[in-house]
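Take a look at the structure set out below.
The shown structure was predicted, so the numbers you read here are calculated from the model rather than taken from an experiment. Chain identifiers are assigned alphabetically (A, B, ...) following the order of the sequence lines, protein sequences preceding nucleic acid strands; residue numbering begins at 1 within each chain.
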2 protein chains.
Amino acid sequence: MQKVTMADVAREAGVSKSTVSQFLNKRYEYMGEKTKRKIEEAIEALGYQPNFIARSLKQKRTSMVGIIVANITHYFSTEVTRAIEDFCHQHDLHAIVCNADDDPEKEKKYIEMLQAKQVDGLIIFPTGKNNELYKSMVKQGYPVVFVDRSVEELEVFSVITDNAQSTYRAIQHFINGGHKHIAFAVQPLTVSTRMERLEGYKKALRDAGLEINPDFITEASIPEMKGKLKKLFSLDVKPTALFAANDRVFMAVTEFLKEKGIQPGKDIELVVFDNIPFLHLLETPISFITQPAAEMGTKAAELLFQQINQEEKEPEVFVFPSRLT
Amino acid sequence: MQKVTMADVAREAGVSKSTVSQFLNKRYEYMGEKTKRKIEEAIEALGYQPNFIARSLKQKRTSMVGIIVANITHYFSTEVTRAIEDFCHQHDLHAIVCNADDDPEKEKKYIEMLQAKQVDGLIIFPTGKNNELYKSMVKQGYPVVFVDRSVEELEVFSVITDNAQSTYRAIQHFINGGHKHIAFAVQPLTVSTRMERLEGYKKALRDAGLEINPDFITEASIPEMKGKLKKLFSLDVKPTALFAANDRVFMAVTEFLKEKGIQPGKDIELVVFDNIPFLHLLETPISFITQPAAEMGTKAAELLFQQINQEEKEPEVFVFPSRLT
DNA sequence: GGTGTTTGATAAACCGGTTTAGTAGAATGT
DNA sequence: ACATTCTACTAAACCGGTTTATCAAACACC
């Protein structure tokens, strides 16, 4: 396979390994013109390609960063990830993406694995259940940025959206439109985003003087969602509007409605927290709370980049506003 | 940061580095129980985490593979990539994803970069314009799998779909439905997939005894697409059906139709080559040619894995059938 | 001409593991 | 009792770069 090493180049050019290394690192300060040329020719002749791994070992810098996504099946995650990758490629970094699958154990495994791989930093969509680990990373001064979900009691760079507020505005919008029976569908309330969205919903109802009806709050995992929705729609008072707390919930909801022949926009109003790709292009009667995923990803990457390059700053939480469309 | 090395563990445990290495690699054959315990304790006490980079240097195996995607903005690409990543994670590999952006120069840069990073193999959605490079990789015996697009004159593992055939069937379906004026929108015919899809279209028309009208074939880049479509819809004879050669073309088409107030399903029939996420859940009147993206990704990963593990086999092209839905 | 500085290049240590060859000492065979 | 094999462990080379300390030659200065 590839076996031309720097030693081969040095021999071919009649110089020492060190000189070749200087050349490759463009430290030309004290280097003769003919030496440069000889090395250039030798590299060309042998088709030499440097070995990054060897360099990384000495330099303790791999130019790789890790992204640990809580759940890659969210479209939002892939958008953020893509923005991070774009930023990385522009700054000569490479990203390794891992999917923790909402499992704290997996998350832990990946954090350790990526640190063993000596990645220069991590961007994490935290499951929120590995506080000890998060804390020790931060204490060590290891470059980390958290995205999407906030972790309490931790001084760390974070990039999130205003979950409660934008949900509040969306629900308010419905109320202003005359809706009195607004349902809320969400996965188990295990992470901050879901709880904040629910809070926004409740506050909007309260502020409008509407009663919070527990029957209208459907909390279920994706596989159970359809079953629970069936209960919701067999109530005497049926919801006229439904809030889906994220895209996967929306998917379950849509499947359910399709099976039941309930038409969005006609029989029920729908809002989803999250953008659904392409859907805005069609004449669908569905509203979206769209997070600025790309900007958030870019910001996260930038914050990580600064930490990697030792630009000392105080940890800060960046809140990006979402938009109702 | 992290500075506990194997030497530290060895000292702490009162044994040699080699023994610690043996222990970590679970080569217990000739190892005393107390030695094992001492090492275990030392690792625990010091919080030692091995350095993969150092291991990789010696072993010439990084447990990383590269994925070079021609254009990550295709939903198909992300689906395939995700399947590859899943497979990798299951087999203790990590994937690095690069987006060549349909640019052969970028593709070349990434191939070289990833080889410099010593990745164990590459899965490439080829731009098709780096044949020399592809050839040299294959000749060197470097593990490679091609996905989505086939490269001529090259004995290499490939995973593709039957572009011409499935397009043929879709067009035939329209013809059977009574359509006579079927338009075809495609990006510049620079890669095999687009050409094959166009061939399928033409053959279906020919076989049905319909004329191939060059005005009905819109070949344009995404930014130019809307302008060219305007021309198409200002013809005397207007198309009653439109084939979008991939999801990005579909997006441009849909934007255009929305602006013009032309309704899919009512004013015009639409087919897209590619699945559009979520869209099948709604009552949309759009047809899709869906490639089995996940299966294709898994297959590609599997083929790469076999090559990395030296399971010698003859290169083969795997054609996965697409489905009209 | 002696001293100091700049220029150009190198030998050797180093990064943190893996691997090979080797070595005591104990156990076994005859 | 002596040769042989097994067991448990280690020293040192190695992977392919980077970096540090060093050195010779050329040049500058007074």
**Asked** Please give, in whole Å, the distance from C:dA13 P to A:Q59 CD?
**Response** 21 Å
**Prompt:** Given axes from five pairs at either end, by how many degrees does the helix from C:dG1-D:dC30 to C:dT30-D:dA1 bend, rounded to 10°?
**Reply:** 50°
When you check the phosphate oxygens OP1 and OP2 of [N], does a side-chain N or O of [X] lie under 4.0 Å from one of them?
X     : N      : value
A:T19 : C:dA9  : no
A:S21 : D:dG17 : no
B:Y48 : C:dG17 : yes
B:Y30 : D:dT7  : yes
B:N51 : C:dC15 : no

Indicate, with a heavy-atom threshold strictly under 4.0 Å, whether [X] touches base, sugar-phosphate, or nothing.
X     : value
B:M6  : base
B:V20 : nothing
B:S18 : base

Is it the case that [X] and [Y] place a side-chain donor and acceptor less than 3.5 Å from each other?
X      : Y      : value
A:S56  : A:R61  : no
A:S16  : A:T19  : yes
B:E107 : B:Y134 : yes

**Asked** Taking for each residue the nucleotide of DNA chain D with the nearest heavy atom, is it B:S16 or B:K58 whose nucleotide lies nearer the 5' end?
**Response** B:S16
**Asked** Hey, is the side chain of A:K17 pairing donor to acceptor with the base of D:dG16 inside 3.5 Å?
**Response** no
**Distance (rounded to the nearest 0.5 Å) between B:N51 CG and B:L57 CG** = 10.0 Å
**Message:** In the structure I gave you, are the side-chain heavy atoms of B:V151 and B:V156 within less than 4.5 Å of one another anywhere?
**Reply:** no
**Message:** Taking atom CD as the centre, does B:E40 end up with more than 12 heavy-atom neighbours from other residues, nucleotides or ligands that are less than 6.0 angstrom away?
**Reply:** yes
